[in-house]
Amino acid sequence: MAIVSVSNSFLTFNSPNQLRFSRRRFSAMASSTTGVRVAEGEGNLPKLVLTSPQNSEAEIYLFGGCITSWKVASGKDLLFVRPDAVFNKIKPISGGIPHCFPQFGPGLIQQHGFGRNMDWSVVDSQNADDNAAVTLELKDGPYSRAMWDFAFQALYKVIVGADSLSTELKITNTDDKPFSFSTALHTYFRASSAGASVRGLKGCKTLNKDPDPKNPIEGKEDRDAVTFPGFVDTVYLDAPNELQFDNGLGDKIIIKNTNWSDAVLWNPHTQMEACYRDFVCVENAKLGDVKLEPGQSWTATQLLSIS
């Protein structure tokens with residue numbers, strides 16, 4: 001297997017000229033990494049396009065480190081970006097696979113934390129015989145420190161293969177004091193919500209946030225296949241490391257993970273009238289606090305593949 005690896009680093013693009021300069025710089029440094037290129041995305045925001053030798057493709061915005069597209073060789077996009085998504089760096093990108101870090105949901109800081117509201121940088125890219133990969137990095141800065149006063153490093157490796165999309169998230173405590181966090185990958189799958197289903201959750205303890213998200217109802221999942229007949233916002237604790245997702249559009253996706261201990265299913269139903277029929281969220285999550293001492297790291301992986 002031939003593997004080419006290069007390093008690159010750029011954090012923010014404040015003007016189209018900077019984007020063009022960084023694209024030229026990236027292209028020059030990664031000329032042999034044919035499966036990775038930088039492009040201008042919506043709102044003139046920079047994005048990376050990863051293309052496997054089999055012509056599967058993924059798109060990742062540096063703002064938020066958000067994967068917004070995963071297309072298999074047929075050209076079908078298996079992820080969903082909401083029609084109300086904005087690309088102005090004022091709000092996070094609504095759709096694809098946004099990060100929830102260092103907090104999932106509401107809490108002491110802003111909803112879902114700040115990982116989806118900051119620019120990530122490119123630190124490495126690779127092209128192999130059967131895939132293309134890129135590694136992004138997020139570090140603390142004035143924006144994050146104002147709400148969560150810790151030094152950290154987040155590395156996010158994304159690999160697109162012939163019929164798969166995999167990610168590895170590594171959080172390292174670079175501070176001189178311990179910290180705790182929770183996190184999730186808030187994955188939006190393109191789907192027919194009326195026909196979609198998830199298998200593998202039977203027997204899990206559930207926290208049902210309908211009707212009151214502040215007072216979830218504890219229960220146990222007794223269904224072989226969980227469906228989305230209406231509003232769904234349910235946490236599954238100690239979920240298995242493999243789920244089977246049928247998007248109701250003819251695609252069956254295997255969702256495997258390591259170290260994501262929980263799962264979340266969500267569909268807003270008529271609270272989002274314009275698009276709720278066209279997606280469901282199946283999220284890998286780590287909802288209990290992860291405590292890291294200085295120098296310690298936590299790593300979790302996700303593998304999406306067509307069955």
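Positions are given from 1 along the sequence.
- Between L50 atom CG and E57 atom CD the span is 8.5 Å, to the nearest 0.5 Å.
- Of the charged side-chain nitrogens involved, none lies within less than 4.0 Å of a carboxylate oxygen, so that D246 and R199 do not count as a salt-bridged pair.
- For the side chain to side chain contact (heavy atoms under 4.5 Å, CB included) test, residues two or more places apart in sequence or in another chain that qualify with K76 are V72, S74, L78, D251.
- For P216, the side chain to side chain contact (heavy atoms under 4.5 Å, CB included) partners two or more places apart in sequence, or in a different chain, are L207, K209.
- The backbone N or O of L292 sits less than 3.5 Å from a side-chain atom of N173, completing a donor-acceptor pair.
- Not counting sequence neighbours, the partners of R145 by the salt bridge (Lys or Arg N to Asp or Glu O under 4.0 Å) test are D140, D149.
- Of all the heavy atoms in K91 and N88, the pair that sits closest is N-OD1, 3.4 Å.
- Residues E137 and Q153 form a side-chain contact, since some pair of their non-hydrogen atoms from C-beta on lies under 4.5 Å apart.
- In this structure, Q103 contributes its side chain and Q110 its backbone to a donor-acceptor pair below 3.5 Å.
- For the pair I255 and N284, the minimum side-chain heavy-atom distance is below 4.5 Å.
- Salt-bridge formation is not detected for the pair E221/K202: no Lys NZ or Arg NE/NH1/NH2 atom is positioned less than 4.0 Å from an Asp or Glu carboxylate oxygen.
- Of all heavy-atom pairs spanning P106 and Q111, the tightest one is N-OE1, 3.2 Å.
- Of all the heavy atoms in V81 and T68, the pair that sits closest is CG2-O, 3.4 Å.
- Checking side-chain atoms of S182 against main-chain N and O of G288 turns up no donor-acceptor pair under 3.5 Å.
- Going from atom CZ of F63 over to atom CZ of R116 covers 9.5 Å, rounded to the nearest 0.5 Å.
- Hydrophobic cluster membership differs between W260 and I254, with clusters built from Ile, Leu, Val, Met, Phe, Trp and Tyr side chains linked at under 4.5 angstrom.
- The ring-ring contact (aromatic ring centres under 6.0 Å, His included) test applied to Y276 returns H269, not counting sequence neighbours.
- Looking at S192, its side chain never comes within 3.5 Å of a backbone N or O of G248 through a donor-acceptor pair.
- Linking Ile, Leu, Val, Met, Phe, Trp and Tyr residues whenever their side-chain heavy atoms come within less than 4.5 Å places W120 and W298 in a single cluster.
- Listed by chain and residue number, D175 satisfy the salt bridge (Lys or Arg N to Asp or Glu O under 4.0 Å) test with K177 (two or more places apart in sequence, or in another chain).
- Two residues are said to be in side-chain contact when any heavy atoms from C-beta on lie closer than 4.5 Å; P98 and Y188 meet this criterion.
- No side-chain donor-acceptor contact under 3.5 Å links N247 to the backbone of A196.
- The backbone N or O of K291 sits nowhere less than 3.5 Å from a side-chain atom of D289 that would complete a donor-acceptor pair.
- Considering only residues two or more places apart in sequence or on other chains, D176 meets the side chain to side chain contact (heavy atoms under 4.5 Å, CB included) condition with none of them.
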- Item | Intermediate values then yes/no, side-chain contact (heavy atoms from CB on, under 4.5 Å), T167 and T301 | CA-CA 6 Å; T167 65; T301 66; over 6 Å; no
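- Taking hydrophobic clusters as Ile, Leu, Val, Met, Phe, Trp and Tyr residues chained together by side-chain heavy-atom distances below 4.5 Å, F150 shares a cluster with L169.
- V290 and V235 end up in different hydrophobic clusters when Ile, Leu, Val, Met, Phe, Trp and Tyr side chains are linked at under 4.5 Å.
- For the residue pair S197 and T227, no side-chain donor N or O sits within less than 3.5 Å of a side-chain acceptor on the partner.
- No side-chain donor-acceptor contact under 3.5 Å links S305 and S164.
- W266 and I97 are members of different hydrophobic clusters when ILVMFWY side chains are connected at heavy-atom separations under 4.5 Å.
- Within the 4.5 Å cutoff, the side chain of T187 has no heavy atoms near those of the V282 side chain.
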- Query: Where do L201 and L265 land on the side-chain contact (heavy atoms from CB on, under 4.5 Å) test, with the steps shown first?
  - Reply: CA-CA 11 Å; L201 292 168; L265 302 189; 3.9 Å; yes
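- At most 12 heavy atoms of other shown residues, nucleotides or ligands fall within 6.0 angstrom of atom CG in D238.
- How far CD1 of I217 is from CG of D210: 7.5 Å, rounded to the nearest 0.5 Å.
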- Can you check ring-ring contact (aromatic ring centres under 6.0 Å, His included) on F101 and F152, steps first, answer last? CA-CA 11 Å; F101 173 82; F152 70 91; 5.4 Å; yes
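- Using a 4.5 Å cut-off on side-chain heavy atoms (C-beta onward), V134 and I60 make contact.
- Applying the ring-ring contact (aromatic ring centres under 6.0 Å, His included) criterion to F87, with sequence neighbours excluded, gives Y61.
- Interatomic distance, OG of S69 versus CG of D77, reported as 3.5 Å (0.5 Å rounding).
- Residues satisfying the side chain to side chain contact (heavy atoms under 4.5 Å, CB included) criterion with P102, sequence neighbours excluded, are I109, F114, W148, F181.
- Between V158 and the choices L165, L136, T135, the side-chain contact (heavy atoms from CB on, under 4.5 Å) rule is met once, by L165.
- Atom CG of L155 sits about 9.5 Å away from atom CG of L138, to the nearest 0.5 Å.
- Annotation for A132 and V36: closest pair CB-CG2, 4.4 Å, computed over non-hydrogen atoms.
- Two residues are said to be in side-chain contact when any heavy atoms from C-beta on lie closer than 4.5 Å; V264 and T234 fail this criterion.
- Listed by first then second residue, pairs satisfying ring pair (Phe, Tyr, Trp, His ring centres under 6.0 Å) with a partner in residues 64-86 read F80-F279, not counting sequence neighbours.
- Taking a 4.5 Å side-chain heavy-atom cut-off between Ile, Leu, Val, Met, Phe, Trp and Tyr, the cluster of I90 contains only that residue.
- Here the side chains of I67 and L79 are in contact, with some heavy-atom distance below 4.5 Å.
- In this structure, the side chain of T174 engages the main chain of A151 through a donor-acceptor pair within 3.5 Å.
- Considering every non-hydrogen atom in both H99 and G64, the closest pair reads CD2-O, 3.2 Å.
- N259 places a side-chain N or O within 3.5 Å of a backbone atom of T299 that can act as its donor or acceptor partner.
- Rounding to the nearest 0.5 angstrom, the gap separating the OG1 atom in T183 from the NZ atom in K286 is 11.0 Å.
- By the 4.5 Å heavy-atom criterion applied to side chains, L237 and T206 are not counted as neighbours.
- The side-chain hydrogen bond (donor to acceptor under 3.5 Å, both in side chains) search around E283 returns H186, not counting sequence neighbours.
- Judged by distance alone, the side chains of Q54 and S52 do bring a donor and an acceptor atom under 3.5 Å apart.
- Residue pairs satisfying the ring pair (Phe, Tyr, Trp, His ring centres under 6.0 Å) criterion with at least one member in residues 224-252, sequence neighbours excluded, are listed as follows: F189-F245.
- Contact between G105 and H112 at its shortest, heavy atoms only, is N-ND1, 2.7 Å.
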- Task: Start with the C-alpha distance between N241 and K256, add both sets of side-chain angles, then the distance that settles side-chain contact (heavy atoms from CB on, under 4.5 Å), and finish with yes or no.
- Result: CA-CA 5 Å; N241 59 12; K256 294 183 179 181; over 6 Å; no
